[in-house]
Number of protein chains: 4
Amino acid sequence: MRRASDTAQKRRRQIFEAAIAVISEKGFHKATIREIAAAAGLGKGTIYQYIDKKEDLIPLIAEVGISLMSAKISEAASLDAPPEEKLRIAIKSQLALFDEHSRLAEVMGGEIERIKHEDSELITRVFEERYLNALASLVSEAAGRERFSKGESLVIAELIAVMCLLWSHSVLAKKNAGGIEAYETLLEEFVLRGVSGRRKEAENG
Amino acid sequence: MRRASDTAQKRRRQIFEAAIAVISEKGFHKATIREIAAAAGLGKGTIYQYIDKKEDLIPLIAEVGISLMSAKISEAASLDAPPEEKLRIAIKSQLALFDEHSRLAEVMGGEIERIKHEDSELITRVFEERYLNALASLVSEAAGRERFSKGESLVIAELIAVMCLLWSHSVLAKKNAGGIEAYETLLEEFVLRGVSGRRKEAENG
Amino acid sequence: MRRASDTAQKRRRQIFEAAIAVISEKGFHKATIREIAAAAGLGKGTIYQYIDKKEDLIPLIAEVGISLMSAKISEAASLDAPPEEKLRIAIKSQLALFDEHSRLAEVMGGEIERIKHEDSELITRVFEERYLNALASLVSEAAGRERFSKGESLVIAELIAVMCLLWSHSVLAKKNAGGIEAYETLLEEFVLRGVSGRRKEAENG
Amino acid sequence: MRRASDTAQKRRRQIFEAAIAVISEKGFHKATIREIAAAAGLGKGTIYQYIDKKEDLIPLIAEVGISLMSAKISEAASLDAPPEEKLRIAIKSQLALFDEHSRLAEVMGGEIERIKHEDSELITRVFEERYLNALASLVSEAAGRERFSKGESLVIAELIAVMCLLWSHSVLAKKNAGGIEAYETLLEEFVLRGVSGRRKEAENG
DNA sequence: AATGAATGAGGATTCATTCAT
DNA sequence: CATGAATGAATCCTCATTCAT
C-alpha cells in the first residue's frame, strides 16, 4: 500500500528531474519525450503512466519549482532578524537556489508562462498564493507599515523575482556583473534602496 | 533597381508584422509558416524568398525590436532635462512602447532568448551595444559620476528592461498594479530610489 | 482439479461477455484489452492467462455465438410441425436471439469475418457444420425434396442468416420496417415464398 | 483554373482507388496511411492535403461506392422491359459490379458501417436516397402496385443489397454455389419469388 | 517574384504484451 | 492465480522546406 504510492512518487520525481534537465537545455518544444524518458532512465511509454500529455510536464515542473522557491522565502521570513535583513536574505537565497538549480530557473522563467495549459490559471494562482504573497510580506515589512499597498507589495515582489531569475537567463548579466556575489550585492542594494528609500525620503523630508 | 529593393523592404516589413502577430499569439513553435504567410497576405512559398529558414524570423524580429526600443532611449537621452528626469522618461516611454506593441514585447521577452540561433550572439551584442549601453548611460548619469561601474550600470539597465517587459508578460502584474499608470509610477520610483539612493546615502552619511 | 477447471470456465465466460460488450460498442480494434479486462472485472494481465493474444478473442466469441445460433435452429428442427412452420420458427427465433443479444449479433456479423485469424478456416467450417447444415435442412424440407441441391440449400441458409443479422446492423432496416414484429413477418413471408415458390410453380405449371 | 481542380480530382481518385485496394486487403485499421499513400503513388504527407484524417477515407469511399451501385440500378430502371425483368437485371448487374470491384464490395459491406464517423448519418441518408429508393421502386413495380408499402419495399431493397454483397464476403457462398452464374440464378429466382409470390398467392387464392 | 502542391523527417501517443511481485 | 507497472513497436499526423509552374 505504502510501496505503490512511494514508487509512483519516486517516478514522478525522476520524470520531473529529467524534464527540467532536458527542457532547460533545448526548450520545451525541442525536448522530446524520448529524450526525457531516457534522461529519467525510463521507457518512452512509461512516462505516459504519469502524465497524460507532454504539456502536463509544465504543471508538474511548476508545482515543484514554486515549492522550492516558496520554501526559501518562508525560511527567510521565519528568521529572527530585522525586516531589511530578512529581505536581503530572501534575495540571496533565491539567487542561490536559481544558481544551484539553474535549469529549473530557466524553465520557470522561460517556458512555464509561455506554454498555454489548461492549468495555467491555477499555476498563476498558486504562484501568487504560495510565493508572491510571502515575498510581498517581506517587502512590506522592510518598507515599514503603510508604505506600500498590498498590490504594490505584490508587484514589487514580482519585480524581485524577475530580477533574480534574470541571473539564470542572461549571458549579459553574467558578463557585466562579473560573478554571482557581485550580482547579489548589486541586486540586494538596488532592491533595498528601492523598497526602503521611500521611508527615508519621508523621514528626511 | 530601386523599385525591387523597395518591394523587398516592404515584404520584409509585412513578414515582420505578421510574424510578431502570430508568434506572440501562439509562441514560436506553434506558429506555423502557413499562418504567418497568411497573416502577411502572402503565399507560403513566398516567405522563403526572404528568409532561409523559420528560425531566421528571430533575428528579423530582434533587429526591428531592438531598433524600436533603442530609439525611445536615444530620444530620452537627447532631451534637455535633469538626469533623473531623463531616466524617468526613458522608463515611461519604454513602458508605453511595450504597451502599444505588446505583441512585440511578448516575443522579445519570451522567445528571442529561447530560440537558439546561429546569430544569437550577434543579437546579444547588438542588444548590448545599441540598447543597454544607452540605457546604462542614463542610469549612470542619474546616479552621479562614479557611483556605478560600467558593468554595474549595464546590469541595472538590463534589470530595468526586464522590469519594463514584465508588464507585457504578467497577468499578475496587471492585476496587482491596477493599471499601467500605477505600474509606471511604482516602477519609476522604485528604480530612481534604487539608482540614486546610493548617492544620497553617501551624502547623508 | 474440478474446481480449478470451473474457475477457468467462469473466467472464460466473464471475458467472453466483456469482450462482446466492448467490441460491439467500439469495434475490435478500438476495443482495448484494458477496457475488456475492466468490463470483465479483471486485471489487465489476467486476461492473458486465458488467451495468448487479443485476436484469440475472436474464436472465443465465434464459438459461443455459433453455439447459441445453432441451438435455436436445432430447437426449431426438433419441433413436431410442418416443414414450412419449422422454417418460420427458425427465422423467428433467430431474430429473437439477435434482438436479445444484439451486441453478439453485431460482433458475429461485423468483426468475425474481418479479423483474419489462424483459426478463421476452422471457424468457417464449424459455422457450416453446426449451423448452416441444420438450417439448410429446414430449407430443404420446406422446399420439398429435390427442389434444391445441397449446395443451393446451404447458400439459401446463409442468405437467411445474413438477412436475420441485418436487423442488428441496420439503422435503415429498423427505421423502414417499423418494428421487429413487422420485420419478422416481412422476412418470414419473403423467405417462405422464395423457398417454397419454386415448388408451387412446378405444381401449377 | 480548370487544371487545378482537375488535378485535385485526379488525386482524389488515386487515393480512393488505393484506399479501396489496401483497406479491402487488410481492413481499415490495419491499413496504414503509408501503405495507402504508396499504393496511390504519393508521398505520405500528400494524402493529408486531400483528407483531414484517416477516417475521412470512409466517406470518400462511401460516396464513390454508392455512386457506382446507384448507377447500375438507374441503368436497369431505365430499360424498356417488364418490371420483373428489370429487377432481375438490377440484381445481375449489382452482382457483376461487386464481382468486378470485389475490393470495393468488401469495404462497402464490411467497414463502412463499422467505422463510426461524424458523417455516418449523412452516408446512411445518401445510401437510402440515392440507392435504396431506386431499388425499392423496382421491387415495388415487380411486386405490382400496392403489394408492398414504401417501408416494406425499402427493407426488401436492403435485403437484396445484403444478399448481393454476400457474394464478395463469403467463402462459403462461393464454395456452395459453385460459381457466380449459379449464385446469380439462385438469387434472382429467390428474390423474384419472394417479391412477386405474394401477388400470385392473392391471384390464386 | 509568387505560388502552393508534394514531400518525408520527426514526434506525440497508444496499446498489446511481458514479467516481477 | 492475479495483477498492473514497464516497455517499445507501431502509426497517425504536422509542418518546414523544396520546386515546378
Round to a whole Å and report the spacing from [atom1] of [X] to [atom2] of [N].
X	N	atom1	atom2	value
A:F28	E:dG11	CZ	P	14 Å
A:D6	E:dT21	CG	P	16 Å
A:I33	E:dT14	CD1	C1'	13 Å
A:Q9	F:dA5	CD	C1'	16 Å
B:I36	F:dC15	CD1	C1'	12 Å
D:R11	E:dG4	CZ	P	17 Å
C:E35	F:dG4	CD	P	16 Å
B:K30	F:dC15	NZ	C1'	14 Å

If each of D:G45 and A:I47 is mapped to the nucleotide of DNA chain F with the nearest heavy atom, which maps nearer the 5' terminus, i.e. the 5' end?
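Going by which nucleotide is closer to the 5' end, it is A:I47.
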
Mapping D:D52 and C:L42 onto DNA chain F by nearest heavy atom, which one lands closer to the 5' end?
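Nearest-nucleotide comparison on DNA chain F picks C:L42.
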
Under the side chain to side chain contact (heavy atoms under 4.5 Å, CB included) rule, collect the residues that match up with D:S170, sequence neighbours excluded.
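For D:S170 the side chain to side chain contact (heavy atoms under 4.5 Å, CB included) partners, ignoring immediate neighbours, are C:E158, D:L166, D:L172, D:A173.
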
Counting only side-chain heavy atoms from C-beta out, which of [options] sits nearest to [X]?
X	options	value
C:T32	E:dT13, E:dC15, F:dA16	E:dC15
B:K54	E:dT7, F:dT17, E:dA12	F:dT17
D:Q49	F:dA5, E:dT7, E:dT17	E:dT7
D:Y50	F:dA16, E:dT13, E:dA5	E:dA5
A:T46	F:dC15, F:dT14, F:dT7	F:dT7
B:Y48	F:dA16, E:dT3, F:dA2	F:dA16

Just by distance, with hydrogens left out, do C:Q49 and C:T46 show a side-chain donor and acceptor under 3.5 Å apart?
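Distance-only check fails for C:Q49 and C:T46.
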
Could you tell me if A:T124 and A:E121 have a donor-acceptor pair between their side chains, going purely by distance under 3.5 Å?
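There is no such pair between these side chains.
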
Heavy atoms under 4.0 Å, any strand shown: does D:A31 hit a base, just sugar-phosphate, or nothing?
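Touches sugar-phosphate only.
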
Base-pairing mate for E:dA12 - Watson-Crick or G-U, with both contacts under 3.5 Å:
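Matched E:dA12 with F:dT11 under the 3.5 Å cut-off.
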
When both hydrogen-bonding distances must be under 3.5 Å and the geometry is Watson-Crick or G-U wobble, what is F:dT21 paired with, if anything?
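Across any shown strand, F:dT21 pairs with E:dA2.
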
OP1 or OP2 of E:dG10 versus the side-chain N and O atoms of A:R34: is any pair under 4.0 Å?
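No, A:R34 has no side-chain N/O under 4.0 Å of OP1/OP2 on E:dG10.
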
State whether A:K53 and A:E118 are salt-bridged, where the test is any N-O pair (Lys NZ or Arg NE/NH1/NH2 against Asp/Glu carboxylate O) under 4.0 Å.
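Yes, A:K53 and A:E118 are salt-bridged.
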
Basic-acidic side-chain contact under 4.0 Å: A:R114, B:E111:
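Between B:E111 and A:R114 there is a salt bridge, with a charged N closer than 4.0 Å to a carboxylate O.
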
Find which nucleotide of DNA chain E each of B:K44 and A:I51 is nearest to by heavy atoms, and output the residue with the more 5' nucleotide.
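Closest to the 5' end, via its nearest nucleotide, is B:K44.
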
Is it the case that atom CD in A:E63 sees more than 12 heavy atoms from other parts of the structure closer than 6.0 Å?
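No, CD of A:E63 has 12 or fewer neighbouring heavy atoms, counting only those of other groups under 6.0 Å.
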
